[in-house]
Asks: 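Sharing a structure, written as structure tokens. Questions coming.
Whatever order the structure lists ligands and atoms in, that order sets their numbers, starting from 1. These numbers were taken from a predicted model, which means no experiment stands behind them.
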Amino acid sequence: MEFLKQIERKWQKKWEEVRIFETIPDPNKPKFFITVAYPYPNSPQHIGHGRTYTLADVHARYMRMRGYNVLLPMAFHYTGTPVLAMSKRLAANDEDLIDTFVRIYKVPKKLLKSFYDPLNMARYFHEEIKAGMKEIGYSIDWRREFTTIDPQYNRFIEWQFEKLRQNGYVSQGSHPVGWCPNEGNPVGQHDTQDDVEPEIEEFTLIKFQYNEWILPTATLRPETIFGVTNIWLNPKVEYVKAKVDNEQWIVSKESVEKLRYLNRKVEVVETFNGSQLIGKHVKNPATNQEILILPAEFVDPKNATGVVMSVPGHAPYDYVALENLSKAEVQLKEFGLTPEIVVAIEPISIIAVSEYGEIPAGDVVKKMGIVSQLDPKLEDATKEVYRHEFHTGKMKPNTGKYAGLTVAEAKDKVKEDLVEEDRAETMYELMNKPVFCRCGTECIVKIFEDQWFIDYRKPEWKKLTHEWLDKMRIFPEELRAEFNYVIDWLHEKACARKSGMGTRLPWDPEWIIESLSDSVIYMAYYTIVRRLKEHNIRPDQLTDAVFDYVFLGIGKVNEVAERAGLEPSVLEQMREEFSYFYPLDSRHSGRDLVPNHLTFMIFNHIAIFPEELWPRQIAVNGSVLMEGQKMSKSYGNIIPLREAIEMFGADPLRLAVLATAELLQDADFSPTLAKSMQGRLERLYRFAVETTKMKASETAEAPVLTTTDRWMLSRLQYHIGRATESMDKLAVRKAIHSGLYELEQDFQWYLRRIAEERESLKKKAATVEVFSEVLDAQVRMLAPVTPHICEEIWEKMGREDFVSLAAWPKPDESKVDVSAEENEALIRNMLEDTLNIFKATSITPKKICYYTAASWKWKGYLKALEKSVSAKIVQSELMRELMKDADMKKVSKHVAKFVDQIIDEVNRMPNEKKRRQLKVGIMDENNALKEAETFFKREFNAEICVYNEEDPDCYDPRKRAQLARPYRPAIYVE
Ligand SMILES: [Zn+2]
């Protein structure tokens with residue numbers, strides 16, 4: 001372990017000294033520009049982050065070895081609430097957080113106070129994260145590092161927003177947003193605990209009349225108004241009578257604040273218990289029917305108005321609640337009601353749907369065996385009924401002018417009409433509540449008035465984004481549908497807030513641009529930031545005209561430069577560097593950024609840049625589990641990245657997070673796994689040392705390769721091909737399996753086969769050649785994943801450059817040797833078959849005889865293969881064909897028996913295998929087995945005899961020889 005650490009430090013130092021990852025434009029090389037979502041410096045990175053960044057680094061290193069001029073930069077996202085909220089919670093003495101900082105993140109206690117200033121916290125973790133990225137060996141060009149509060153970056157974001165506004169993508173208006181009442185800010189996914197996106201839904205509030213009061217029942221299915229049998233209020237919670245705008249409403253006490261955030265004027269007149277209204281009658285505004293108010297505890301006062309209409313025919317909750325209530329005699333008595341009154345309320349059927357009978361809610365409830373209104377299965381039941389009714393349901397004749405409409409049509413129409421006639425209103429509510437802000441406050445919906453939005457609803461913009469997505473590579477491909485869904489679903493997004501660090505809106509500076517809006521085109525900034533630093537360019541020199549020139553090629557360089565007080569050559573350098581590296585070739589992130597950042601990135605590139613500069617590829621990976629469990633502070637199983645590097649080493653850690661899962665799967669990390677990776681890498685190193693020593697004492701003799709040597713080299717080409725194919729698809733797990741595990745398995749077999757001969761002088765040169773070729777290819781294949789140990793081995797091999805800059809191996813077609821592979825397969829099969837005989841008979845063998853097939857059998861077998869490639873063969877036809885041959889005719893009786901033995905097997909054999917065997921032709925099995933004699937002798941500790949079944953002096957006491965078939969020599973053991 002200490003040894004691995006030394007190697008890591010050595011090579012990280014060398015990379016830095018020789019600056020091998022600092023990238024500049026090279027017109028003679030194709031470029032590959034790859035970025036990962038920059039981190040929020042509000043905590044150290046842990047193993048989960050390690051996976052995303054390591055994957056990007058592996059991708060970068062692979063492309064570099066494939067001959068690309070690769071740029072992998074990094075920056076830090078100071079802006080937005082993630083840093084700010086953490087700092088505020090510390091300042092508020094949040095004990096949980098303090099504990100996490102001190103115990104898990106190992107932050108010195110005396111520093112905590114300074115973190116009350118978010119900038120200090122960001123700077124601290126910035127350095128912490130950067131140190132981790134260096135210690136794990138990422139191939140980053142650190143000259144391009146920046147933070148999102150650098151004044152030059154602020155200018156860049158101002159330019160971005162000016163562009164968006166000029167092109168009509170920014171609007172001012174009133175829209176519902178997720179909101180933190182404590183901080184007075186809109187909240188998006190990056191502002192909430194557990195990173196939940198607040199989902200907003202519009203309820204219809206239908207105004208039922210109770211004397212001069214209105215009971216606004218909240219529903220997502222206004223079309224069911226015709227099936228309402230009663231109203232539900234929760235008898236155990238408080239309601240209020242209140243003046244809402246110009247009307248008198250009865251709503252839950254909890255809804256008052258929410259209505260106010262939705263811009264309604266609410267004056268509470270009286271607070272009372274819900275039980276007081278139970279048993280009273282209200283009027284249905286659609287049917288004018290008088291119905292009862294009944295008690296129901298499932299009514300959540302926090303959901304919309306806390307007043308609910310009951311549609312037992314189509315709503316499973318209502319169906320079960322009515323059933324429950326009809327049996328609750330004691331409870332009913334409290335309200336002066338009786339079970340008979342409730343039993344008399346019959347569900348009304350208003351929608352015809354083929355999947356159910358008259359009363360869909362009743363059918364589903366019975367099917368799922370639901371008996372209590374508190375049963376969580378009611379959620380599924382509700383969804384199921386809704387799904388069927390929405391897709392195939394038709395409104396029945398008892399729904400007036402809506403009769404015959406589909407449910408989908410009626411839903412919108414009824415709502416529209418009721419609102420039009422002032423018999424209903426709408427109310428926004430969070431569907432996935434409770435959602436908590438990072439500050440700990442529960443989020444609500446607010447109508448955000450006269451605020452700034454990026455208008456992701458624009459149809460033309462959506463269309464372009466869809467079309468571009470179709471052209472992008474998405475890894476894994478299965479996520480494409482999710483992107484399409486997000487593009488459709490996105491609407492106006494609040495893009496500014498009043499507090500925190502960040503860039504001010506250039507035209508309305510009391511607003512600060514939020515963090516999912518100031519991080520969508522920054523990849524472009526990486527291409528020029530190096531020059532900004534080099535020439536000490538001030539923010540005021542970065543005029544909009546400068547950015548227009550650099551990024552869009554607008555304007556005359558001399559004029560733009562002169563006005564900005566810059567040298568024209570500096571502008572030209574920046575333009576050149578941007579033009580060289582853009583567009584972005586690959587964007588990496590975790591899956592949580594699909595519904596926001598990654599999609600915003602596509603949208604914004606389309607809004608600002610010409611088509612040839614839009615991003616080419618997105619790669620998304622799943623998360624990391626810790627021994628099967630989600631990593632979380634509450635499980636106490638978070639290992640900060642630097643600690644993990646210290647514990648397991650950089651290379652074993654990189655291997656452990658990538659070797660167990662394909663892109664989208666969750667990787668399951670465990671300390672045991674990481675330790676076993678250490679063991680593997682140490683074995684690799686020992687093999688390397690042995691190989692390089694052999695080479696040193698190599699004889700001058702030219703190598704003569706045996707079949708087994710040729711087999712090993714042939715397999716090596718296969719593994720190289722597989723690893724390359726996998727890496728091209730970012731299937732890193734598969735690539736590791738080819739380049740490490742499977743190659744090693746073959747190599748172990750090779751060692752077992754040549755064990756005896758290895759020391760013989762004649763063999764040595766060939767062995768050295770095979771060992772060296774395997775090692776050379778393996779080191780190259782593993783270099784992207786475990787770069788440190790590979791550099792060390794590379795050096796041991798006497799190479800003077802870096803393996804990080806060496807070429808990825810290419811399969812050498814001239815070394816693919818099908819007959820060597822078939823030969824080796826034969827030996828392996830004979831080994832297994834013989835061992836199976838030992839097992840079955842439990843004898844200790846003294847002598848083993850192998851009988852290979854007669855030459856006429858080979859002829860017949862190959863003919864059968866040839867015929868069966870195009871179509872299934874029939875016994876009689878094959879016989880007729882074979883009898884044309886004079887040699888065959890002589891043994892015709894045996895031929896018939898032989899054909900009978902092989903025909904099924906040949907018909908079942910995959911065509912690829914047939915083609916391989918046809919390519920090999922008649923194999924000299926006798927020779928192959930004789931060559932392996934020493935090997936078998938050693939494996940079985942017995943005398944080995946090899947005969948052809950037609951040998952006149954064949955020792956065959958049990959008449960086994962006649963059973964021999966091509967690729968299936970017969971065996972006799974005594
Ligand atoms: Zn908050």
Side-chain angles (χ1 to χ4, degrees), residues 39-43 77-101 112 115-122 125 148-149 174-201 254-263 302-303 428-453 492-505 510-519 592-593 595-597 632-634:
Y40 288 117
N42 67 353
S43 54
H77 204 180
Y78 281 34
T79 39
T81 52
V83 173
L84 186 69
M86 209 67 115
S87 166
K88 278 190 178 171
R89 275 173 65 197
L90 277 185
N93 252 317
D94 183 321
E95 281 183 19
D96 253 15
L97 194 66
I98 293 172
D99 180 62
T100 303
F101 269 54
L112 289 184
F115 285 6
Y116 297 176
D117 179 347
L119 188 56
N120 288 335
M121 173 190 288
F125 286 122
T148 56
I149 59 163
S174 305
H175 298 283
V177 294
W179 186 262
C180 170
N182 175 37
E183 293 168 304
N185 267 333
V187 283
Q189 191 198 23
H190 283 194
D191 312 312
T192 60
Q193 291 178 10
D194 300 324
D195 286 336
V196 218
E197 177 73 35
E199 289 169 28
I200 298 167
E201 183 68 78
E254 276 89 345
S255 65
V256 170
E257 272 311 294
K258 289 196 290 193
L259 287 167
R260 286 184 180 141
Y261 276 106
L262 295 171
N263 291 343
K302 285 185 171 170
N303 195 23
Y428 294 109
E429 179 61 284
L430 286 183
M431 288 314 285
N432 53 340
K433 70 174 171 309
V435 174
F436 292 95
C437 174
R438 283 179 189 268
C439 75
T441 311
E442 186 173 343
C443 300
I444 48 136
V445 185
K446 177 177 164 67
I447 303 269
F448 203 25
E449 280 202 317
D450 294 331
Q451 307 307 327
W452 295 104
F453 294 87
E492 297 86 351
K493 157 138 188 75
C495 62
R497 58 182 71 230
K498 296 235 164 153
S499 58
M501 298 187 280
T503 307
R504 293 181 180 274
L505 266 186
E510 63 177 302
W511 293 97
I512 295 164
I513 296 162
E514 62 82 49
S515 63
L516 278 167
S517 303
D518 79 352
S519 57
D592 54 321
L593 297 190
N596 43 70
H597 166 74
S632 107
K633 277 167 211 148
S634 52

Asks: Would T503 and D518 count as having a side-chain donor-acceptor pair, cut-off 3.5 Å?
Replies: no
Asks: Is E183 paired with R497 through a side-chain N to carboxylate O contact shorter than 4.0 Å?
Replies: no
Asks: Would you check if the Zn ion (ligand 1) lies under 2.8 Å from any N, O or S atom of C443?
Replies: no
Asks: Considering only heavy atoms from C-beta outward, does the side chain of F125 approach that of M86 to under 4.5 Å?
Replies: no
Asks: Between the Zn ion (ligand 1) and E183, which N, O or S atom of the residue is the nearest one?
Replies: OE1
Asks: To the nearest 10°, what's the angle at the Zn ion (ligand 1) between atoms SG (C437) and SG (C439)?
Replies: 110°
Asks: Any N/O/S atom, backbone or side chain, of D191 lying under 2.8 Å from the Zn ion (ligand 1)?
Replies: no
Asks: Parallel, tilted or perpendicular: which fits the ring planes of Y40 and H77, with parallel below 30° and perpendicular above 60°?
Replies: parallel
